[in-house]
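Single-structure report; data block below.
These numbers come from a predicted model, not from an experiment. Residue numbers start from 1 in every chain, and the chains themselves are labelled A, B, ... in the order their sequence lines are given, proteins ahead of strands. Only heavy atoms go into these numbers, but all of them, side chains included; no hydrogens, no water, no symmetry mates.
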Protein chains: 2
Amino acid sequence: MEVRRRDIHNSDIPVVCRACEARHGGVCGALTAEQLTELNKHSSRHRLETGAEVIGQGETVVNYSNIMRGVVKLTKVMADGRQQIVGLQFAPDFLGRPFLTESAITAEAATDSEVCNFPRNVLDRLVKRTPELEHMLHQQALKELDEARDWMLTLGRKTAQEKVASFLYLIATHIDPESVDMSAFDLPLSRADIADFLGLTIETVSRQFTKLRKENVIRIENNRHVTVPDMDRLMRYAGND
Amino acid sequence: MEVRRRDIHNSDIPVVCRACEARHGGVCGALTAEQLTELNKHSSRHRLETGAEVIGQGETVVNYSNIMRGVVKLTKVMADGRQQIVGLQFAPDFLGRPFLTESAITAEAATDSEVCNFPRNVLDRLVKRTPELEHMLHQQALKELDEARDWMLTLGRKTAQEKVASFLYLIATHIDPESVDMSAFDLPLSRADIADFLGLTIETVSRQFTKLRKENVIRIENNRHVTVPDMDRLMRYAGND
DNA sequence: CACGCCATTTGATTTTGATCAAGTGCAAAG
DNA sequence: CTTTGCACTTGATCAAAATCAAATGGCGTG
């Protein structure tokens, strides 16, 4: 299923890409050395402070990105300000909606992050010529779709307690793909963001955190650092039996 | 069923596909006459009664399908029976999750429907050889992703009233792609299904229907037939300003 | 026609989570 | 070391939707 470039050690690959690809294996993995060089000519890396907007709802898409480091949240807002986080992207996810000029969502750094930007038209051209690249993007879209549907069940049918536990489980399993130990991690989102992700208020989120803490499902230090003594127990609280 | 020949220059295309493709333009539109003939050799059409399961959560995927007629609901269930509809597919949508052998969802006919089935391995082989086909599937996945994210906002942040209005608006705009007049249609789902789609109970759905009826936003006959005198007004009730 | 079987509606009550309103704790600025 | 500003927590109350419990209203069958 996974298709890897054979010439992974080829020295024609741009230096900046070599480290990245080795660590992450994002969509760039579908490209030949020449294509990578070509793309790299037009691409640029950027640091994003927490809260920095990558693209706004309704704006014209000029760039796609790869997330190198950090967490990016995808949000939708209603006219009256109600807001829902519709996706979280972790490194090394591809960020962008191929084939549409206007973004239907806002993408914003949830933590300090680093991204690699490519101009839309350069990548679009490359996609047309590189079926393997479209395949990678297709896989990414399908992964996001699976995640979105999982989350729809959470939003529509779970209790506040289960929602919060589901969130913690999601973060535990996604925050650090390198690490084997998922039992300790920092939350990439504020209480307000967590509420927006879960379709709750910050007060309800806070109360559920307190409850989970009192029942020894989690421990919390400094509001952001979470320890999970028994991951299976957390999963049961999340309603994933 | 009588199938008319619509284009004398396409006489290599299987008769059964010619009418379908002309009417709908689904993913098969990406295929050459030969590929269509090849695929058609292995494909088969089926009528599905309301409630018939196309595939169950956790089952092995053996077929992909095109929906020829009707509405198919995609659902997820929790261990304790709580259920959430995570997608509705209308003709001529492609039905299936490429590149995964185990289905994460249940697909079930919401109305009497007709589908065209292709064996998974035949289509998978064809996808590898036909970038244009993967492109179509990619577009379909992105469309479903956009819809899923729209719905996440509805599930997470809208009131019961807005949810029901949003559902009616969704159906009005999707049920009959041919028709210009969206103001009258039959609901493809029972109250129970609507509740599962909206993350509500049937009682709440019923009450909101009654309220919308009393406020003259909609009229209902025989529980299933809906008339919308002012679509913009419905849209406002749905919170889509 | 009467009957039972559905799906749907309606009503009474309870529960959950939202809202409103203080408090707490911590870190940066004065 | 105070003050100020956040982010978060906690408590009291309120409202929306769930739950429990009957009705109602076709619709097909005996």
Can we say A:Glu144 and B:Arg149 salt-bridge, meaning some charged N sits less than 4.0 Å from an Asp/Glu carboxylate O? yes
Going by an N to O cut-off under 4.0 Å, is there a salt bridge joining A:Asp150 and B:Lys76? yes
Specify the closest pair of heavy atoms between A:Arg120 and A:Arg97, including all atoms of both residues, with the distance to one decimal. NH1-O, 4.4 Å
Figure out the CD/P separation between A:Glu221 and D:dC8, and round it to whole Å. 16 Å
Give the rounded distance in Å between these two atoms: CG of B:Asn222 and C1' of C:dT8. 13 Å
Report yes if at least one side-chain N or O of B:Thr210 is closer than 4.0 Å to OP1 or OP2 of C:dT10; otherwise report no. yes
Pull out every protein N or O sitting under 3.5 Å from an N or O of nucleotides 24-26 of chain D, one pair per line with the distance.
none

Take atom CG in A:Asn222; do more than 12 heavy atoms of anything else shown fall under 6.0 Å from it? no
Between atom NZ in A:Lys163 and atom P in C:dG17, what is the gap in whole Å? 8 Å
A:Phe185: which residues meet the ring pair (Phe, Tyr, Trp, His ring centres under 6.0 Å) condition with it, sequence neighbours left out? none
Nearest-Å distance, NZ (A:Lys211) to P (D:dG11)? 14 Å
Donor on one side chain, acceptor on other, B:Ser179 and B:Asp181, under 3.5 Å: no
Count the heavy atoms of every other residue, nucleotide or ligand shown that sit under 6.0 Å from CZ of A:Arg219, and state whether that count exceeds 12. no
Atom-to-atom span, CG of A:Asp193 to P of D:dA7 - whole angstrom: 10 Å
B:Lys73 bridged to B:Asp196 by N-O distance under 4.0 Å: no
Quickly work out the A:Arg213 CZ to D:dC8 C1' distance and round it to whole Å. 11 Å
Length of the line joining A:Ile202:CD1 and C:dG17:P, which is rounded to integer Å: 17 Å
Interatomic distance where NZ belongs to A:Lys214 and P belongs to D:dT9 [whole Å]: 11 Å
Given the options A:Val205, A:Thr154, A:Leu155, A:Leu170, A:Phe197 meets side-chain contact (heavy atoms from CB on, under 4.5 Å) only with A:Leu170
Could I get a table of every N or O pair under 3.5 Å where one atom is in the protein and the other is in nucleotides 15-19 of chain D?
residue, atom, partner, partner atom, Å
D:dA17, OP1, B:Ala160, N, 2.7
D:dA18, OP2, B:Thr201, N, 3.4
D:dA18, OP2, B:Thr201, OG1, 3.1
D:dA18, OP2, B:Thr204, OG1, 2.2
D:dT19, O4, B:Arg207, NH2, 2.8

